[in-house]
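A short write-up of the structure that comes next.
Each chain gets a letter, A, B and so on, in the order its sequence line appears, and its residues count up from 1.
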There are 4 protein chains.
Amino acid sequence: MTNNLDEKQMIEQLTHFWSNNLPFNKLLGLTVSKFDCNTSEVRFLWQDKLMGNPLQKTLHGGVTASALDFAGGVVVAANMIQQLEHKTPTTIQQSLSCLGTIDLRTDYLRPGRGEEFIATAHIIRSGNKVAVARMELHNEKGDHIAFGTGTYLVG
Amino acid sequence: MTNNLDEKQMIEQLTHFWSNNLPFNKLLGLTVSKFDCNTSEVRFLWQDKLMGNPLQKTLHGGVTASALDFAGGVVVAANMIQQLEHKTPTTIQQSLSCLGTIDLRTDYLRPGRGEEFIATAHIIRSGNKVAVARMELHNEKGDHIAFGTGTYLVG
Amino acid sequence: MTNNLDEKQMIEQLTHFWSNNLPFNKLLGLTVSKFDCNTSEVRFLWQDKLMGNPLQKTLHGGVTASALDFAGGVVVAANMIQQLEHKTPTTIQQSLSCLGTIDLRTDYLRPGRGEEFIATAHIIRSGNKVAVARMELHNEKGDHIAFGTGTYLVG
Amino acid sequence: MTNNLDEKQMIEQLTHFWSNNLPFNKLLGLTVSKFDCNTSEVRFLWQDKLMGNPLQKTLHGGVTASALDFAGGVVVAANMIQQLEHKTPTTIQQSLSCLGTIDLRTDYLRPGRGEEFIATAHIIRSGNKVAVARMELHNEKGDHIAFGTGTYLVG
């Protein structure tokens with residue numbers, strides 16, 4: 001008998017955890033819509049409370065940074081978990097407790113206008129101490145709103 | 001007769017506007033505690049909703065980025081306004097409507113733990129098209145939590 | 001009669017200028033191999049003098065940053081020139097004299113080993129004051145060595 | 001008997017190695033003028049070959065990035081060595097062979113004009129896997145030319 005989770009179980013449990021148990025992500029309405037060990041996708045809907053400046057009716061730059069950081073963290077986490085020999089709830093939780101953002105750069109390309117926003121991330125450096133992810137934010141029309149790069153501590 | 005605001009009026013009106021009329025800043029509880037044309041200070045209290053991961057009880061990285069971006073924006077705005085020949089509500093509003101973050105880098109130094117957080121910013125490049133500010137986040141004990149650098153469009 | 005350069009003349013003259021008249025680029029052996037208003041490519045060969053650490057026989061991180069900054073600058077310049085109404089040697093030179101790097105981020109993915117290195121850049125934000133380019137460095141085998149993002153003053 | 005180096009010997013040997021055995025640093029004329037485990041200083045003289053654009057007679061942005069990366073690497077290395085239990089030539093060399101730049105951000109504040117340039121660095125995050133340093137470049141008159149932030153792999 002083993003406690004190893006199969007991939008489907010693991011993805012379901014992580015998606016549920018990330019979308020429901022993290023207070024600030026809940027406040028912003030960020031939900032993980034898909035991920036594997038190389039890419040991730042996080043979505044959220046426009047809400048007036050996410051507005052930076054009411055004169056411009058656009059997302060606060062901090063909302064954009066939050067969504068990009070989260071999307072990067074999700075793909076880095078999935079990448080870490082894939083490298084675990086035994087994938088039990090305990091080893092996964094131990095692994096995730098080491099994960100932290102070291103630095104994050106956000107490039108703002110266009111005003112953050114839209115009804116829904118989609119943050120995507122992919123791994124560009126995968127190591128046993130440090131991982132780097134690149135992220136993008138688009139709205140529901142495909143307008144490219146921001147780019148990001150995050151460096152994460154993983155070991 | 002002139003509509004030019006004296007400095008005290010201007011600071012009072014801007015502080016009130018920034019702390020009360022910007023929805024996402026209100027959601028996070030960010031308030032401008034002081035500023036001049038070279039430095040600014042933004043404060044906020046710990047709230048459970050600002051938590052990233054409930055296992056660690058620390059600020060979400062996006063909260064840190066939001067506070068640093070805002071502190072940088074405030075000092076850049078004050079610097080822009082100082083360079084206006086006539087400081088009327090109309091010229092100030094026109095000037096501020098041009099202000100936007102181009103890019104933001106956040107360096108996370110320590111877990112974001114504390115009861116109160118203080119983001120400070122100072123201008124390192126002041127131009128008529130682009131300004132750059134450096135920011136820091138400390139908690140009420142003086143622990144240094146994060147550094148940031150923001151490049152802003154000002155013209 | 002007009003002094004407007006046709007596109008072929010302009011590309012030839014700029015390529016020649018960038019590859020031959022800029023002392024530090026010459027020192028490093030950086031040559032512009034192609035460009036248009038959206039993308040650029042800069043190439044250089046391994047030379048022992050470009051080595052960072054003789055124990056590792058890899059490119060100095062500053063060589064990588066130099067090549068990425070130059071590739072980004074070339075595509076931003078081409079993009080500026082394309083927006084000029086009249087493209088004469090004088091207007092082009094005036095336009096280029098305004099160009100400057102505001103900030104540059106380099107992400108190092110792998111040790112810089114190879115016989116030839118290819119830096120590519122594309123525009124991600126094109127404005128009349130500020131432009132942003134993303135860059136990559138590969139070696140002749142296609143190994144991905146570094147990523148970069150540069151913000152440039154253009155107006 | 002022990003092979004442990006005393007602090008004076010170690011500093012002399014490292015300073016000599018860094019200023020003489022690293023080809024690209026020699027090409028640029030970068031010399032380590034002082035360092036301890038918290039700060040470092042790297043100096044170099046103007047040379048025409050370091051020029052970016054002959055129209056402006058200023059440093060190439062890549063020279064600035066190289067000097068900042070090097071100053072950051074020196075202070076991070078000194079910090080790593082200080083944490084070694086036994087400081088022998090072998091343990092020091094092993095330790096330094098792990099050191100690598102993960103990412104580097106350079107903010108260009110003023111054109112790089114001057115006769116001598118001084119890059120200084122100090123540690124802002126010191127860990128057993130990752131260290132972060134902040135750097136500045138001034139000329140001999142004290143004009144502030146650039147800022148930088150570097151993240152380094154140390155473990």
Looking only at N and O atoms, which donor-acceptor pairs between chain B and chain A are within less than 3.5 angstrom?
residue	atom	partner	partner atom	Å
B:Phe24	N	A:Lys49	O	3.4
B:Phe24	N	A:Met51	O	2.9
B:Asn25	OD1	A:His60	NE2	2.9
B:Lys49	O	A:Phe24	N	3.4
B:Met51	O	A:Phe24	N	2.9
B:Gln56	NE2	A:Ser97	O	3.2
B:His60	NE2	A:Asn25	OD1	2.9
B:Ser97	O	A:Gln56	NE2	3.2
B:Ile102	O	A:Tyr108	N	2.9
B:Asp103	OD2	A:Arg105	NH2	3.3
B:Leu104	N	A:Thr106	O	2.9
B:Leu104	O	A:Thr106	N	2.8
B:Arg105	NH2	A:Asp103	OD2	3.4
B:Thr106	N	A:Leu104	O	2.8
B:Thr106	O	A:Leu104	N	2.9
B:Tyr108	N	A:Ile102	O	2.9

Heavy-atom proximity to chain A below 4.5 Å, by part of B:Leu153: neither

Max heavy-atom pair count under 4.5 Å with chain B, selected residue of A:Ala65, A:Gly150, A:Pro23: A:Pro23

Pick from A:Leu96, A:Leu109, A:Leu22: which one has the most heavy-atom pairs with chain B under 4.5 Å? A:Leu22

As an exercise: rank B:Gly52, B:Pro111, B:Gly61 by heavy-atom pairs under 4.5 Å with chain A and give me the winner. B:Gly52

Return the set of residues passing side chain to side chain contact (heavy atoms under 4.5 Å, CB included) with B:Ala119 (not counting sequence neighbours), or none when no residue passes. B:Val42, B:Ala67, B:Leu68, B:Ala71, B:Leu137

Chain B contact via A:Leu28 - side chain, backbone, both or neither, heavy atoms under 4.5 Å: side chain

